[in-house]
Amino acid sequence: MKCFHFSNGEKRGEEGEEDGVISRASKVTWVRSLSIASSSVESVRRSEFDSESRDFTDSFGFYEFLSQRRANDLRVFNFAELKAATRGFSRSLLIGEGGFGCVYKGVVEVSDPDSDEDSKMDVAVKQLNRSGFQGHKEWINEVNFLGVVNHPNLVKLVGYCAEDDERGMQRLLVYELMHNRSLEDHLLARSQSPLPWLQRLKIAQDAARGLAYLHEEMDFQLIFRDFKASNILLDEDFNAKLSDFGLARQGPAAGLGHVSTSVVGTVGYAAPEYVHTGRLTAKSDVWSFGVVLYELITGRRVLERNLPRGEQKLLEWVRPYVSDPKKFHMIIDPRLEEVCMKSAQKLASLANKCLMKQPKSRPKMSEVVEILGNIISEVTSQDSIPEVAKETEEVKEEESREENEVGKQENNDRKRGFDFKEMVSFRNRSIGKLDWRNWTPGLVRTS
């Protein structure tokens with residue numbers, strides 16, 4: 001999926017200024033380095049970003065937050081260590097490639113607090129492109145943000161590397177390895193094992209919790225700005241975590257309704273009002289979340305060039321089917337073996353709320369989390385009902401079999417035995433009156 005970036009076309013800073021920023025940043029302590037680089041890069045690249053744009057590291061409130069939350073101390077790796085961990089950045093260990101660099105699987109040694117010996121840890125090493133200055137600001141954003149937060153639905157940053165060599169500055173990030181790759185990998189048609197319906201709902205809820213934390217639960221609001229299926233990573237238990245905070249921006253200051261910034265992101269996921277005006281709000285992320293919900297329902301990516309023209313754009317293709325309950329099943333991912341149609345319709349309804357034209361009409365992510373929780377509860381309860389019904393049906397069948405057996409036994413007994421009243425009636429009819437004193441039982445033929 002291609003990213004887009006519209007620039008106003010002004011000239012960048014001189015190369016010497018950029019080199020000076022890099023050199024200075026590499027010779028001071030890392031906290032000061034990031035602060036200096038962030039401010040210097042902003043001044044150099046002001047032409048690339050609208051004059052009203054606000055990086056989330058520009059405010060005093062953020063630096064106060066940074067100083068208070070430095071508990072998650074990041075490990076500083078040297079380049080040789082990461083090169084060895086990835087076997088020289090071998091292509092065989094390449095697990096991803098984005099607009100700002102490649103990601104490799106690697107193994108590093110970390111100190112074990114329970115013992116004196118170091119233990120090995122699987123990591124993902126992201127190496128930013130060395131060509132040009134693009135990516136340095138995004139690298140700073142990731143270190144500044146992920147270095148001070150800890151949330152179960154945000155990918156964990158283990159450490160970083162910033163070194164100079166003869167070919168330029170090496171900028172690398174080291175994350176925890178997410179063994180089940182990204183959500184996009186599982187939505188592709190070539191995926192061997194499609195995600196079950198309930199698992200898709202839980203992934204959506206995990207991602208919503210991550211966005212709700214960024215929008216509503218921190219000391220400052222952060223707009224993710226590049227929410228998409230490829231940035232939702234899955235761990236070994238398929239818990240979802242948001243990754244790639246390079247394009248994240250601090251939300252509007254008090255009294256302001258939006259942040260004016262250059263339009264960056266991924267085609268198909270960006271909210272229309274942001275694309276047209278450059279006005280960024282948290283509701284832009286909500287729109288992107290609605291797009292991902294339809295990807296979960298349909299199993300299709302937001303843009304598929306190899307499909308017929310009328311089916312290439314996901315949101316245009318699903319529109320006529322969503323409004324017709326009789327046709328809704330036609331957009332469900334055909335690889336799903338079992339799906340609760342009622343819950344799928346409710347998820348589509350939630351997606352439609354997130355995709356409202358007016359940003360103010362879209363729900364907050366905390367509300368989205370609550371709605372998803374209700375849908376998951378209904379699906380879970382419906383999954384348990386058939387099991388109880390099945391057990392009840394088995395009990396009824398067993399009771400019916402027992403009743404039939406008892407009925408058959410009674411019929412057999414009637415055939416083998418006799419009715420005393422009928423016998424007395426027969427004797428009365430035959431001799432007129434029964435003399436009980438002289439009557440003695442006799443043999444009765446039963447067959």
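What's counted below: heavy atoms across the whole structure, side chains too, no hydrogens, waters or symmetry copies. Here, residue 1 is the first one in the sequence, and each next residue gets the next number.
Residues F89 and F79 place their aromatic rings such that the two centres sit under 6.0 Å apart. You'll find the ring centres of F238 and H186 inside the 6.0 Å limit. Remark: aromatic rings of F227 and Y269 are distant, center separation not under 6.0 Å.
Without hydrogens or angle criteria, D235 side chain to D237 main chain gives a donor-acceptor distance under 3.5 Å. Distance alone, capped at 3.5 Å, places no donor-acceptor pair between the E184 side chain and the A229 backbone. Although no hydrogens or angles enter the test, the distance criterion places no donor-acceptor pair under 3.5 Å between the side chain of S284 and the main chain of L280. Not one N or O on the side chain of E109 forms a donor-acceptor pair closer than 3.5 Å with the backbone of K120. Using a distance-only test at 3.5 Å, with no hydrogens or angles considered, no donor-acceptor pair links the side chain of S349 to the main chain of Q345. Of the possible donor and acceptor atoms, one in the side chain of E176 sits under 3.5 Å from a partner among the backbone N and O of K156.
Scanning both residues, V368 and A208, for their nearest heavy atoms gives CG1-CB, 4.1 Å. Of all non-hydrogen atoms in A240 and A207, the two that sit nearest each other are CB-N, 4.4 Å. Nearest heavy-atom pair across G268 and V302 is O-CG2, 3.5 Å. The minimum heavy-atom distance between F245 and L222, with the atom names listed, is CD2-CD2, 4.2 Å. Across A124 and I95, no two heavy atoms sit closer than the pair CB-CD1, 4.1 Å. When every heavy atom of S366 is checked against every heavy atom of E216, the shortest pair comes out as OG-OE1, 2.8 Å.
With hydrogens and angles left out, the side-chain atoms of E142 and Y175 include a donor and acceptor closer than 3.5 Å. With 3.5 Å as the limit, one finds a donor-acceptor pair spanning the side chains of T266 and D226. Side-chain contact, D285 with H215: a donor N or O sits under 3.5 Å from an acceptor N or O. Residues T261 and R225 have side chains that bring a donor and an acceptor to within less than 3.5 angstrom of each other. With no hydrogens or angles considered, no side-chain donor-acceptor pair links Y160 and R75 at under 3.5 Å.
Looking at heavy atoms from C-beta onward, I232 lies in side-chain contact with I203 at the 4.5 angstrom threshold. Contact check for V103 versus K126: side-chain heavy atoms found under the 4.5 Å cut-off. Contact of the N231 side chain with the L242 side chain is not registered, since no non-hydrogen atoms from C-beta on lie closer than 4.5 Å. Contact of the F77 side chain with the V125 side chain is not registered, since no non-hydrogen atoms from C-beta on lie closer than 4.5 Å. Proximity of L74 to V143: side-chain heavy atoms (C-beta onward) are separated by under 4.5 Å at one or more points. Considering only heavy atoms from C-beta on, V379 comes within 4.5 Å of L201 through its side chain. Side-chain contact between L82 and T86 is absent, with no heavy-atom pair separated by less than 4.5 Å. The shortest side-chain heavy-atom distance between Q170 and L172 falls under the 4.5 Å cut-off.
A salt bridge between K346 and E378 is present, with a side-chain N of the basic residue lying under 4.0 Å from a carboxylate O of the acidic one. Using a 4.0 Å cut-off between charged nitrogen and carboxylate oxygen, E304 and K313 do not count as a salt-bridge pair. A salt bridge is absent between K228 and E295; no separation between the charged side-chain nitrogens and carboxylate oxygens falls under 4.0 Å. In this structure, D333 pairs ionically with R200, as a charged nitrogen and a carboxylate oxygen lie closer than 4.0 Å.
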Checklist entry - Should F145 and L214 be marked as a side chain to side chain contact (heavy atoms under 4.5 Å, CB included) after you check the CA-CA gap, both sets of side-chain angles, and the distance that decides it? => result CA-CA 11 Å; F145 177 70; L214 301 178; 3.4 Å; yes
Item to check | Intermediate values then yes/no, side chain to side chain contact (heavy atoms under 4.5 Å, CB included), I297 and L347 | outcome: CA-CA 8 Å; I297 294 172; L347 192 65; 3.7 Å; yes
Item to check | side chain to side chain contact (heavy atoms under 4.5 Å, CB included) assessment of M121 paired with V158 | outcome: CA-CA 10 Å; M121 177 182 182; V158 179; 3.7 Å; yes
Next on the checklist: Using the rule given for side-chain hydrogen bond (donor to acceptor under 3.5 Å, both in side chains), can you reason through S182 versus D185, listing the C-alpha separation, both sets of side-chain angles and the distance that settles it, and then say yes or no?
Outcome noted: CA-CA 5 Å; S182 72; D185 293 326; 3.2 Å; yes
Next on the checklist: For a salt bridge (charged side-chain N to carboxylate O under 4.0 Å, His left out) check, start with the C-alpha distance between R300 and E311, then their side-chain angles and the critical distance, and finish with the verdict.
Outcome noted: CA-CA 10 Å; R300 292 191 182 189; E311 300 182 18; 3.3 Å; yes
Checklist entry - Step by step, would you call E97 with C102 a side chain to side chain contact (heavy atoms under 4.5 Å, CB included)? => result CA-CA 4 Å; E97 189 170 2; C102 298; 3.7 Å; yes
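Taking CG from L195 and CZ from R335, the interatomic distance works out to 8.0 Å, rounded to the nearest 0.5 Å. Note that OH of Y274 and OG of S288 are 10.0 Å apart. Values are rounded to the nearest 0.5 Å. The distance from the OG atom of S230 to the CG atom of L183 is 9.0 Å, given to the nearest 0.5 Å. With rounding to the nearest 0.5 Å, the separation of CD in Q199 from CG in L296 is 11.0 Å. Atom CD of E163 is separated from atom SG of C161 by 4.5 Å, given to the nearest 0.5 angstrom. If you take CE on M365 and CD on E217, they are separated by 11.0 Å, rounding to the nearest 0.5 Å.
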Side chains of residues 314-330: which donor-acceptor partners sit under 3.5 Å, not counting sequence neighbours?
unit_1, atom_1, unit_2, atom_2, d
S323, OG, P320, O, 3.2
D324, OD1, K326, N, 3.1
H329, ND1, K326, O, 3.2

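The number of heavy-atom neighbours closer than 6.0 Å to NZ of K105, taken from other residues, nucleotides and ligands shown, is 12 or below. Applying the 6.0 Å contact sphere to CD of E337 captures no more than 12 heavy atoms from other residues, nucleotides or ligands.
The salt bridge (Lys or Arg N to Asp or Glu O under 4.0 Å) analysis of residues 270-281, with sequence neighbours excluded, yields the pairs E273-R362.
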